[in-house]
Engineer: 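My questions all concern the structure below.
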Amino acid sequence: MSQDGPLTGAALLELLSRPAPEVAPRLLGGLFGHRNGEGAVVLRITEVEAYGGPDGSDLPDPGAHTWRGRTARNASMFGPPGHVYVYFTYGMHHAVNLVCRPEGTAGGCLIRAGEVVEGAALARARRAAGRARPVPDAALARGPGNLAKALGIDLSHDGAPLAAAEDTAAPGFFLRPARPESGAPVGSGPRTGVSGAGGTPEFPWRWWLLGESSVSPYRPAVPRRRR
DNA sequence: GAGGCGATTGCCT
DNA sequence: GGCAATCGCCTCT
C-alpha cells in the first residue's frame with residue numbers, strides 16, 4: 001500500500017507514536033476509511049477510546065487486552081504504530097483499533113463510532129445483512145461492532161497498515177486526523193463495557209463529539225450471570 | 001483438553 | 001430493562 005504521503009505520512013506516524021490517551025481525542029472529527037473490492041466506506045470519527053499496555057509498563061491499563069502481556073491475539077497492539085488491531089469478540093463482532101506508540105510498546109485507540117460520509121449505500125447493504133429492519137443512517141457505524149461491519153472489517157485485516165491519505169484506487173485503510181485547532185465540543189468519561197479497574201472513572205479514556213447522533217450509548221460492564 | 005468469558009448487539013417483554 | 005446469541009482466546013487442570 002502507498003504508505004507515505006509527503007508530509008502527512010510523517011505527521012501521522014508522529015501522532016500515532018504518542019500514548020493512546022493523547023492520540024484518541026485528536027482523532028475525533030477526523031476521517032477513517034477502508035476500501036476493498038466492494039468499494040470504499042469513509043467515516044467521520046465521532047467516538048473513540050484509548051487503551052494502554054500491560055501490568056508493569058509505563059502506561060499500565062487493567063482494562064486493555066494487553067494487560068496480561070503479549071499474546072498471539074493482541075500482538076498487533078505491540079507492533080509499530082500506523083497499523084490496525086482487529087479483534088473478534090462475543091463470537092460474532094469485530095472491532096478495530098489504531099495502534100499507537102513505538103513498536104514494542106502497547107497501545108491503541110478503539111474507534112467506537114462514526115458518521116458515514118462516503119459509501120453509505122455499501123455500508124447500508126453490509127449492515128442490513130441478516131436483519132429484519134433497516135438501519136437508520138446515524139446508526140450505520142454506531143458502536144464498534146457495527147462500525148467494523150459497515151467498513152467490511154474482519155480478522156483478516158488485523159495488523160494491516162494505515163495510509164495517511166485516501167488512495168482512491170488501492171485497497172486498504174486510511175486515516176486523516178482532525179486539525180488540532182478544530183474546537184468542536186468534546187465529552188469524555190469512563191470506557192464502555194470495560195470491567196474491573198479499567199472501567200473506573202480513574203480511566204476516563206473515552207471521548208466523543210457532543211451532539212452527534214452516531215455516538216453509542218454508554219453501557220457499564222455487566223458481570224455475566226452464571227448458568 | 002476443558003471451561004469460562006468477553007473493549008457487543010439487537011430482539012423481546 | 002433483560003437476556004440470548006456465538007466462538008476464539010486465555011487460563012487452569
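Letters go in sequence order (proteins before strands), and every chain restarts at 1. The figures here come from the full heavy-atom set of this structure, side chains too, leaving out hydrogens, waters and symmetry mates. These figures come from a predicted structure and were not determined experimentally.
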Engineer: I want to verify a distance call: between C:dC7, B:dC11, C:dC9, whose nearest atom is closest to the A:Arg73 side chain?
Structural biologist: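 So the side chain of A:Arg73 is nearest to C:dC9.
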Engineer: What integer number of Å spans the P atoms of B:dG4 and C:dA4?
Structural biologist: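 Here B:dG4 and C:dA4 have their P atoms 16 Å from each other.
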Engineer: Answer yes or no: side-chain N or O of A:Tyr90 and base N or O of C:dA5 forming a donor-acceptor pair under 3.5 Å.
Structural biologist: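 No such pair is found, so the answer is no.
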Engineer: Identify whether any heavy atom of A:Arg191 sits under 4.0 Å from a base atom; if not, whether one sits that close to sugar-phosphate; answer base, sugar-phosphate or nothing.
Structural biologist: nothing
Engineer: Can you tell me the distance, in whole Å, between the CZ atom of A:Arg68 and the P atom of B:dA7?
Structural biologist: 11 Å
Engineer: If you check the A:Thr89 side chain, which of B:dC11, C:dC7, B:dT8 turns out closest?
Structural biologist: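 Nearest to the side chain of A:Thr89 among the choices is B:dT8.
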Engineer: Report the distance from atom CG of A:Asp154 to atom C1' of C:dC7, rounded to the nearest whole Å.
Structural biologist: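 After rounding, the reported distance stands at 15 Å.
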Engineer: Could you check A:Phe173 against A:His157 for ring-ring contact (aromatic ring centres under 6.0 Å, His included), going step by step and ending with a plain yes or no?
Structural biologist: CA-CA 9 Å; A:Phe173 296 90; A:His157 300 109; 5.6 Å; yes
Engineer: If you write DNA chain C from 5' to 3' in dot-bracket form, with Watson-Crick or G-U pairs under 3.5 Å, [ ] for crossing pairs and | for pairs with another strand, what do you get?
Structural biologist: |||||.||||||.
Engineer: Please determine whether a side-chain nitrogen or oxygen atom of A:Arg112 lies at a distance below 4.0 Å from atom OP1 or OP2 of B:dT8.
Structural biologist: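 Checking A:Arg112 against B:dT8: at least one side-chain N or O falls below 4.0 Å of OP1 or OP2.
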Engineer: If the plane angle is over 60° it's perpendicular, under 30° parallel, otherwise tilted; pick one for A:Tyr85 and A:His65.
Structural biologist: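 Answer is perpendicular, since the angle exceeds 60°.
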Engineer: How many whole angstroms separate atom NE2 of A:His93 from atom C1' of C:dA4?
Structural biologist: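 It works out to 11 Å between those atoms.
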Engineer: How many whole angstroms separate atom CG of A:Asn74 from atom C1' of C:dG8?
Structural biologist: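 Nearest whole value for this atom pair: 14 Å.
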Engineer: Side chain of A:Thr71 only, heavy atoms from C-beta on: which candidate in C:dC10, B:dA7, C:dC7 is closest?
Structural biologist: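 Among the listed nucleotides, the one closest to the side chain of A:Thr71 is C:dC10.
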Engineer: Is any side-chain N of the basic residue among A:Glu166 and A:Arg176 closer than 4.0 Å to the acidic one's carboxylate O?
Structural biologist: no
Engineer: Answer yes or no for this row: A:Tyr51 ring on B:dA7 base, centroids under 5.5 Å, planes under 30°.
Structural biologist: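 Yes.
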Engineer: Let me know the distance between OH of A:Tyr85 and P of C:dC9, rounded to the nearest Å.
Structural biologist: 10 Å
Engineer: Is the backbone of A:Val86 close enough, under 3.5 Å, to the side chain of A:Asp158 for a donor and an acceptor to pair up by distance?
Structural biologist: yes
Engineer: Hey, which of A:Pro177, A:Cys100, A:Pro81 is the one that makes side-chain contact (heavy atoms from CB on, under 4.5 Å) with A:Leu15?
Structural biologist: A:Pro177
Engineer: Map A:Ser195 and A:Gly130 onto DNA chain B by nearest heavy atom, then report which one ends up closer to the 5' terminus.
Structural biologist: A:Ser195
Engineer: Check the distance between B:dC5's P and A:Met92's CE and give it to me in whole angstrom.
Structural biologist: 16 Å
Engineer: Looking at every strand, decide which applies to A:Arg127 at a 4.0 Å heavy-atom threshold: base, sugar-phosphate, or nothing.
Structural biologist: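 Here A:Arg127 touches the backbone only, sparing every base.
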Engineer: Using atom CG of A:Leu155 as one end and atom C1' of C:dC7 as the other, report the distance to the nearest whole Å.
Structural biologist: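 Between C1' of C:dC7 and CG of A:Leu155: 11 Å.
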Engineer: Just to be sure I understand the rule, does A:Asn97 reach a base, reach only the sugar-phosphate, or reach nothing, if contact means heavy atoms closer than 4.0 Å?
Structural biologist: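 Touches a base.
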Engineer: Spell out, as yes or no, whether a donor-acceptor pair under 3.5 Å connects the side chain of A:Arg191 to the backbone of A:Gly198.
Structural biologist: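 Between the backbone of A:Gly198 and the side chain of A:Arg191 there is a qualifying donor-acceptor contact (under 3.5 Å).
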Engineer: Grab the CH2-P distance between A:Trp207 and B:dA7 for me, whole Å please.
Structural biologist: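 One finds 18 Å between P of B:dA7 and CH2 of A:Trp207, rounded.
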Engineer: Base, sugar-phosphate or nothing for A:Gly198? Non-hydrogen atoms, less than 4.0 Å.
Structural biologist: nothing
Engineer: Is the shortest distance from a Lys or Arg side-chain nitrogen in A:Glu47 or A:Arg142 to a carboxylate oxygen in the other one below 4.0 Å?
Structural biologist: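 Result for this pair is no, no salt bridge flagged.
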Engineer: Are A:Asp137 and A:Arg124 ion-paired here, with the side-chain N under 4.0 Å from a carboxylate O?
Structural biologist: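 Looking at A:Asp137 and A:Arg124, the cut-off is met.
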Engineer: Which value, in whole Å, describes the distance between the P atoms of nucleotides C:dT6 and B:dA2?
Structural biologist: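 Rounded to whole Å, the distance is 22 Å.
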